[in-house]
Trainee: 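Encoded as structure tokens, here's the structure I'll be asking about.
Counting starts at 1 for both ligands and their atoms, in listed order. This one's a predicted model, so the numbers in the text were calculated from it and none came from an experiment. Starting from 1, each residue takes its place in the sequence as its number.
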Amino acid sequence: MLLCVRVIIEPDSEAASRRAAKFVADLLRKKPDCVLGLATGSSPLATYRELIRLHKDEGLDFSQVTTFNLDEYVGLSSVHPQSYRQFMQVNLFDHINIRLTSTNVPDGRALDFETHCRQYEQRIHDAGGIDLQILGIGTDGHIAFNEPGSSLGSRTRLKSLASETIRDNARFFGGEAKVPRLAVTMGVGTILESRRCILLAFGDHKAKAIRDTVEGPVTAQVTASALQLHREVICILDQPAASLLTRRDYYADVEKAQSLLEAGQLKQLGIGGQG
Ligand code: GLP
């Protein structure tokens, strides 16, 4: 296994989402009681659809899985249509055989956020840590709700949303004024502790954030760039999201080598050769 920031560029978001779902499904088959970190937003939607299909058509079993979501809007109850808990129910949990008690989403209406955030971190720890974290990315390069300027060592906490994020999410709330101003979110440090991350980005509106994340410097101004410090990140992109990357040929070479390794075709890689 080549551990690094892998960049997989698929022809379109559907193919990219199938690829992401395959990583999740492979893990589930290998470790049925795995811990998944889940994201909301439009980016993981098709991945969740494919996981539902795999559950229905191929019996992919979620009965022993535990999940932790990245974030939740402050002030929204779990039944609010725009809450991330509702998003997860509607787009994944209601369609697979996961136990509701094994799904964790931060509580946007906690009375004591300091205690709630500490307990959320503790629950992740007690579950054995996150095996695979799915991530989207904001147009300002944020992961979860870690807006530009967030500490790269941050833990689950309250965060003010940036104006760019409020603008991006206004469409779901019927106007900017209705978007909550605060969120409770896993920190960058929390995310970096997961064993593997899959970052999904589709569309040319994500191209700059992806360039900054993959090929820019590690900076708190683009919190996704902290993933460069992670032991195993897989960025799965469509062509438009990858369009500003300058090393696309190299990423394709790495993927070719990875496939040969996985297929055990070591000789073609010069492994075990003589001379
Ligand atoms: C929100 C979420 C992020 C998500 C981002 C991008 O800010 N907190 O987790 O990655 O939106 O959303 P989308 O995938 O819809 O572009």
Side-chain angles (χ1 to χ4, degrees), residues 12-14 16-17 20-21 36-50 67-76 80-88 90-92 104-108 117 120 130 132-150 154 156-173 176 178-188 190-192 194 197-214 221-227 233-238 240-242:
D12 55 47
S13 61
E14 283 299 317
S17 302
L36 297 178
L38 299 177
T40 50
S42 52
S43 305
L45 270 179
T47 300
Y48 296 156
R49 274 200 299 273
E50 174 64 3
T67 64
F68 287 92
N69 263 78
L70 287 167
D71 45 14
E72 179 61 283
Y73 290 111
V74 166
L76 302 195
H80 188 287
Q82 292 309 327
S83 74
Y84 284 167
R85 161 57 77 178
Q86 270 308 299
F87 176 100
M88 291 312 302
V90 170
N91 293 298
L92 184 63
N104 298 277
V105 181
D107 180 3
C117 292
Y120 202 71
I130 292 171
L132 173 59
Q133 175 68 59
I134 293 175
L135 294 166
I137 187 169
T139 52
D140 61 5
H142 73 240
I143 41 174
F145 269 129
N146 294 287
E147 298 286 21
S150 297
S154 50
T156 303
R157 70 209 183 292
L158 285 181
K159 196 72 204 164
S160 294
L161 303 195
S163 50
E164 199 165 345
T165 304
I166 292 171
R167 226 174 16 250
D168 285 348
N169 291 340
R171 64 190 194 278
F172 300 115
F173 288 88
E176 279 184 35
K178 292 186 185 151
V179 181
R181 267 33 189 180
L182 287 178
V184 51
T185 178
M186 274 189 209
V188 180
T190 320
I191 293 167
L192 289 180
S194 57
C197 286
I198 290 184
L199 176 69
L200 300 169
F202 310 130
D204 54 10
H205 62 302
K206 297 290 174 80
K208 185 178 173 304
I210 286 298
R211 183 195 60 197
D212 292 347
T213 296
V214 177
Q221 296 310 313
V222 180
T223 53
S225 69
L227 294 172
V233 181
I234 307 169
C235 300
I236 308 184
L237 314 171
D238 65 1

Trainee: Heavy-atom distance under 4.5 Å between the side chains of Asp140 and Thr223, does that happen here?
Mentor: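 Of all side-chain heavy-atom pairs linking Thr223 with Asp140, none is under 4.5 Å.
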Trainee: Quick one: does Thr40 get an N or O within less than 3.5 Å of an N or O on ligand 1?
Mentor: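 For ligand 1, there is no N or O atom that lies under 3.5 Å from one belonging to Thr40.
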Trainee: At what distance is the nearest protein heavy atom to atom 6 (C) of ligand 1, and which residue and atom is it?
Mentor: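 Minimum-distance protein heavy atom for atom 6 (C) of ligand 1 reads Ile137 O, 3.5 Å.
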Trainee: Between the side chains of Glu164 and Thr139, is a donor N or O closer than 3.5 angstrom to an acceptor N or O?
Mentor: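 Yes - a donor-acceptor pair under 3.5 Å links their side chains.
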Trainee: Do me a favour and list the nearest non-hydrogen protein atom to atom 12 (O) of ligand 1 with residue, atom name and distance?
Mentor: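 Protein heavy atom with the smallest distance to atom 12 (O) of ligand 1: Gly41 CA, 4.1 Å.
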Trainee: So Tyr84 and Tyr73, would you call those rings parallel, tilted or perpendicular, with 30° and 60° as cut-offs?
Mentor: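 Tyr84 vs Tyr73 ring planes: tilted.
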Trainee: What protein heavy atom sits nearest atom 1 (C) of ligand 1, and how far off is it?
Mentor: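 Answer for atom 1 (C) of ligand 1: Tyr84 OH, 3.7 Å.
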Trainee: Quick one: look up the protein heavy atom nearest atom 16 (O) of ligand 1 and list residue, atom name and how far away it is.
Mentor: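 Here the nearest protein heavy atom works out to Lys206 NZ, 2.6 Å.
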Trainee: Which residue is it: Asp212, Ile210, Asp204? I am looking for the one with a side-chain contact (heavy atoms from CB on, under 4.5 Å) to Lys208.
Mentor: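 That would be Asp212; it is the only one of Asp212, Ile210, Asp204 passing the side-chain contact (heavy atoms from CB on, under 4.5 Å) with Lys208.
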Trainee: Considering non-hydrogen atoms of the protein only, which is the closest contact for atom 14 (O) of ligand 1, and what is the distance?
Mentor: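 Answer, as residue, atom name and distance: Ser43 OG, 2.5 Å.
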Trainee: Pull out every atom of ligand 1 sitting under 4.0 Å from any heavy atom of Gly136, numbered as shown with elements.
Mentor: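 Selected atoms, number and element: 10 (O).
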Trainee: Nearest to atom 8 (N) of ligand 1, what protein heavy atom do you find, and at what distance?
Mentor: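 The answer is Asp71 OD2, 2.8 Å.
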Trainee: Identify the protein heavy atom lying closest to atom 3 (C) of ligand 1, giving its residue, its atom name and the separation to 0.1 Å.
Mentor: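 It is Ala144 O, 3.5 Å.
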Trainee: Please say whether Ala39 places an N or O atom under 3.5 Å from an N or O atom belonging to ligand 1.
Mentor: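 No, there is no polar N/O contact under 3.5 Å.
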Trainee: Can you tell me the protein heavy atom closest to atom 5 (C) of ligand 1 and the distance?
Mentor: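 Answer for atom 5 (C) of ligand 1: His142 NE2, 4.0 Å.
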Trainee: Ignoring angles and geometry beyond distance, decide whether Ser42 reaches within less than 3.5 Å of ligand 1 through its nitrogen or oxygen atoms.
Mentor: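 Yes, there is a polar N/O contact under 3.5 Å.
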Trainee: May I ask you to check whether Phe172 and Phe87 place their ring centers less than 6.0 Å from one another?
Mentor: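 Centroid separation for Phe172 and Phe87: 6.0 Å or greater.
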